[in-house]
Amino acid sequence: MQQASAPNIDEGVIEVVKALIEDWGVEEDVTMKSRLVADLGFESIDIIQLVVALEGRFNCRGVGFDRLLMAGGRYVDDLSLEQIAGFLKNSLK
């Protein structure tokens, strides 16, 4: 797997999210504190597209995004970009 530094991961996550929401008319600034659903209007299909885009960006297929997206056998309600970047940082060590 590709070694990526923490700042590069943060920047990459923000860039991927901005690219996905580019045409959605979202007024919210995209920061590490932004939440996918509450702040940026993501739906479940958008989260799947995000995972695919992140896997491509960081060359990290098979890192087990299910560990991030599920807790206690249920899908999590929302995630911040900070949580996603933290997961990638731990997974790409």
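- The side-chain contact (heavy atoms from CB on, under 4.5 Å) test with Ile84 is passed by exactly one of Leu54, Val17, Leu69: Leu54.
- Once rounded to the nearest 0.5 Å, the distance linking CG of Asn59 with CZ of Arg61 reads 7.0 Å.
- Cluster membership check: Phe87 shares its hydrophobic cluster with Val76, using side-chain heavy-atom separations under 4.5 Å among Ile, Leu, Val, Met, Phe, Trp and Tyr.
- No chain of hydrophobic side-chain contacts below 4.5 Å, direct or via other Ile, Leu, Val, Met, Phe, Trp or Tyr residues, connects Val52 to Ile14.
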For residues 38-49, run the donor-acceptor check on the side chains, cut-off 3.5 Å, and write out each pair with its distance to 0.1 Å, sequence neighbours left out.
residue: Asp39; atom: OD1; partner: Arg35; partner atom: NH2; Å: 3.0
residue: Asp39; atom: OD2; partner: Arg35; partner atom: N; Å: 2.8
residue: Asp39; atom: OD2; partner: Arg35; partner atom: NE; Å: 3.2
residue: Asp46; atom: OD2; partner: Glu43; partner atom: N; Å: 2.8

| message | I'd like to know whether Leu79 forms a side chain to side chain contact (heavy atoms under 4.5 Å, CB included) with Leu68, so could you lay out the CA-CA distance, the side-chain angles of the two residues, the decisive distance to 0.1 Å, and finally the verdict. | response | CA-CA 9 Å; Leu79 289 168; Leu68 174 67; 3.8 Å; yes
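- Looking only at distances, a side-chain donor or acceptor of Gln83 sits under 3.5 Å from a matching main-chain atom of Ser80.
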| So Leu81 and Thr31, side chain to side chain contact (heavy atoms under 4.5 Å, CB included) or not? Walk me through it. | CA-CA 7 Å; Leu81 273 61; Thr31 69; over 6 Å; no
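- Note on residues 23-33: pairs passing salt bridge (charged side-chain N to carboxylate O under 4.0 Å, His left out), not counting sequence neighbours, are Lys33-Glu82.
- For Ala85, the side-chain contact (heavy atoms from CB on, under 4.5 Å) partners at least two apart in sequence or on another chain are Ile9, Asp10, Val13, Met32, Lys89.
- Note that OG of Ser91 and CZ of Phe58 are 11.5 Å apart. Values are rounded to the nearest 0.5 Å.
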